[in-house]
Amino acid sequence: MEEPEFVVVLTDAGEQRIEVIRAVRSLTGLGPWQSSLLLEELPATVGAGCLRDLDGALARLREAGAHAMARCRSCGRDAPQDGTLIDPGPCDASAPWASYCPASRTPPRWGVVDGYFVELPDEP
């Protein structure tokens with residue numbers, strides 16, 4: 001089953017505006033002027049993809065001092081940053097993957113077992 005797409009939403013540029021402009025440029029390919037204009041129109045979408053693929057983009061923006069979040073494109077809810085559930089109910093989108101929306105589940109834990117990269121079972 002295909003995982004729903006998430007978007008990176010930049011909500012606040014923070015104190016270090018030049019560093020955030022550099023981060024936005026590296027993520028979007030925009031020039032300095034366009035990146036600066038994008039920061040004037042917050043909130044703004046600066047990336048899209050699977051949730052696990054967006055971790056680097058979120059880390060880059062937060063490292064630059066910006067406030068950013070991953071938002072589910074299907075249901076519009078923000079993915080948890082600390083691994084907690086948004087709410088106990090499933091995604092209310094009409095997409096076929098709604099009951100499997102990662103925004104309403106805790107992310108899997110990964111680790112190396114016997115030399116293989118595997119999903120670890122939930123701890124009781």
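Index from 1, following the sequence. As a basis for the values below, the full set of heavy atoms in this structure was taken, side chains included, without hydrogen atoms, waters or symmetry mates.
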Minimal heavy-atom distance between A64 and V20, with the atoms involved, is O-CG2, 3.6 Å

Value for CG (L30) from CD1 (I21), rounded to nearest 0.5 Å, stands at 11.0 Å

Heavy-atom nearest pair, A68 first then T11, reads N-OG1, 4.3 Å

Is there a path of hydrophobic side-chain contacts, each under 4.5 Å between heavy atoms, that joins I18 and V24?
no

Are any of the side-chain nitrogens in R22 or E63 under 4.0 Å away from the carboxylate oxygens of its partner? no

CG (D55) and CZ (R62) are apart, to the nearest 0.5 Å, by 8.5 Å

Practice task
Kindly say whether V46 contributes a backbone atom to a donor-acceptor pair with the side chain of T28 at under 3.5 angstrom?
Solution key: no

With a sphere of 6.0 Å drawn around CD of E15, does it hold more than 12 non-hydrogen atoms of other residues, nucleotides or ligands? no

Scanning both residues in full, the closest heavy-atom pair of R60 with S26 reads NE-OG, 3.7 Å

d(L10 CG, H67 NE2) to nearest 0.5 Å is 9.5 Å

Correct closest heavy-atom pair for D12 and L42 would be CA-CD1, 3.8 Å

Residues V7 and A48: closest non-hydrogen pair is CG1-CB, 4.0 Å

- Query: Do V9 and L37 share a hydrophobic cluster, counting only Ile, Leu, Val, Met, Phe, Trp and Tyr and linking them when any side-chain heavy atoms are less than 4.5 Å apart?
  - Reply: no

